[in-house]
Amino acid sequence: MAPIKAVRGVRDILPAEVGRWQRVEATARRVFEAYGYREIRLPLFERTELFARGIGDETDIVKKEMYTFEDRSGDSLTLRPEATASVLRAYIEHGFHVQPKPVRLYTLGPMFRYKRPQAGRYRQFHQANVEALGETHPALDAEMIAMLVDFFRALGLADRLELHVNSIGDAGTRPAYLARLLEYLTPLKDRLCDECQARLARNPLRVLDCKTPSCQPIIEKAPSILDSLSAEASAHWDSVRRGLDALGIEYVVDHRLVRGLDYYVRTTFEVLTRELGAQNAVAGGGRYDGLIQRLEGPPDPGIGFAIGMERVVLLLGEHDRSAAPAALLIPLGEAALRRLMPIARSLRERGVNVELAYGERKLQRELEHANRLNVRYAVIVGDTELEHDQCVLRDMKTREQRSVGLDRVLLELAPSRADREGGASPG
Ligand code: HAM
């Protein structure tokens, strides 16, 4: 019998990668909390109805991608395909709406969607998800987008990403625009891909973000929703843009950005990369005023986004050093080992991760070991160093080395905050 393997589209996150995950999670927490967001931890499954009503019956997610099952009492349950519906369910259930507005919440964790797996796309994946509830002011939209940009800046990724923003209007905008869009698309129907022909009847807005090459020339000439905004939606959109400009945020206005979930109104945004092939969205979100009420809650507006953590970790790349210990301590002989043991312990107590060799192998072998561990430094103590209570501190990348007093090792190895979060170059 063959050994059992993990389910298709579901992966283990191995130790070599976990350092990057921890860095991404720590950065998300720090940036979100700096803006006043607080963590909420939610269940991984909910009543199926919550997602059907929350995300929309006509969306791909609800129609084709949910992991739905009956439990032993016959209730229909679903592994959450996204977090927004669950956050709103909790907001309503726990009466959060009496708290000062906006109520700012974030949550990190796995989501589940049954899609064809490919690079950057999985059936269990992870999101860092943020929601601000109970406030319509457009400055909140701009501030939230700025927070998303700050997250990518803190990881040193901002230069490799592009921010796209759009407004898809509100209930007052939509019918007029859909009529214009249908008027444009219907005569061209035969030239659209099969899926878009079906969308034309069900949800014509979704034609705009079709990726099929043959549809592109048609989509490019489609009327822009920005030309159909109601006066109110238009004022909101202008104000969001003024906010982004005041914050110095660079963005591309992308009138095709309609998103794949049905709950959005007005502001929508995505962060895109050219480096991950077809899976080019690293984060996405927008406003969903009216959704809380549709879930039988108070008439509170909301806006949020989710970051795809796998894609961020992929962008950070394999050369990231954050998973590696800061140093390998290399004693050359028994006496040096005994001197380094308590030093290793006090470094670890102070938050510096180190590995200690045991003094039995030749220096050359230990340096090869240090290279394989991907440590930044080797701390070498032989008899001569021991005599002067010193070590040789070797930078494994530049191969430069110098003598340092053993009482100063902590100062040399303690990482700055920028190093830990990735301000430093990862290579
Ligand atoms: P979404 O665009 O469906 O939005 O997902 C957000 C991000 O999750 C995507 O940009 C992508 O990076 C990542 N993602 C989605 N599906 C997969 C997958 N199968 N494998 C790997 N990564 C994936 C939402 O989920 C909304 N709930 C966001 C939101 C929050 N809007 C308002 N509040």
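All ligand and atom numbering here is 1-based and tracks the order in the structure. Hydrogens, waters and symmetry mates play no part in the numbers below; they use all other heavy atoms, side chains included.
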Practice item. Flag the pair Arg29 and Glu39 as a salt bridge only when some basic side-chain nitrogen lies within less than 4.0 angstrom of an acidic carboxylate oxygen. Key: yes
**Study point:** Residue pairs fulfilling salt bridge (charged side-chain N to carboxylate O under 4.0 Å, His left out) with at least one residue in residues 89-105, sequence neighbours excluded
**Key:** Glu46-Arg89, Arg89-Glu93, Lys101-Asp300, Arg104-Glu143
Point to revise | Closest protein heavy atom to atom 15 (C) of ligand 1, given as residue, atom name and distance to 0.1 Å | key: Phe125 CE1, 3.5 Å
Review point. Should one rank Gln118, Arg259, Arg116 by closest heavy-atom distance to atom 2 (O) of ligand 1, which comes out on top?
Key: Arg259
**Study point:** Test of proximity, Tyr122 against ligand 1: N or O pairs below 3.5 Å
**Key:** yes
Using a 3.5 Å cut-off and no angle test, enumerate the donor-acceptor pairs between side-chain atoms of residues 144-151 and protein atoms at least two apart in sequence or in another chain.
residue : atom : partner : partner atom : Å
Asp150  : OD2  : Tyr35   : OH           : 2.5

Point to revise | Ion pair Glu412/Arg402, N-O distance below 4.0 Å | key: yes
Review point. Backbone or side chain, does any N or O of Ala281 fall under 3.5 Å from an N or O of ligand 1?
Key: yes
Review point. Is ligand 1 under 4.0 Å from a heavy atom in the side chain of Phe112, in the backbone, in both, or in neither?
Key: neither
Practice item. Examine the side chains of Thr68 and Thr78 and answer whether a donor and an acceptor come within less than 3.5 Å of each other. Key: yes
Check your understanding: Judged by non-hydrogen atoms, does Ala283 sit under 4.0 Å from ligand 1?
Key -> yes
Point to revise | Distance-only N or O hit between ligand 1 and Arg121, under 3.5 Å | key: no
**Study point:** Region of Phe305 engaging ligand 1 - heavy atom pairs below 4.0 Å
**Key:** backbone
**Study point:** Any Gly120 heavy atom less than 4.0 Å from ligand 1
**Key:** yes
Practice item. Decide if atom CD of Glu33 counts as having more than 12 heavy atoms of other residues, nucleotides or ligands within a radius under 6.0 Å. Key: yes
Review point. Does an N or O anywhere in Thr84 fall below 3.5 Å from an N or O of ligand 1?
Key: yes
Review point. Relative to the ring of Phe96, is the ring of Tyr91 parallel (under 30°), tilted (30 to 60°) or perpendicular (over 60°)?
Key: parallel
Point to revise | Sub-3.5 Å N/O-N/O distance, Glu310 and ligand 1 | key: no
Exercise for review: Could you tell me whether Ile303 approaches ligand 1 through its side chain, its backbone, both or neither, with non-hydrogen atoms closer than 4.0 Å?
Suggested key: neither
Check your understanding: Do the side chain of Thr59 and the main chain of Gly56 share a donor and acceptor less than 3.5 angstrom apart?
Key -> yes
Point to revise | Heteroatom distance test (Arg113, ligand 1): nitrogen or oxygen, under 3.5 angstrom | key: yes
Review point. In a check of side-chain hydrogen bond (donor to acceptor under 3.5 Å, both in side chains) between Arg287 and each of Thr267, Asp141, Thr268, Asp170, which one passes?
Key: Asp141
Exercise for review: Say whether Val282, considering both its backbone and side-chain N or O atoms, lies within less than 3.5 Å of an N or O atom on ligand 1.
Suggested key: yes
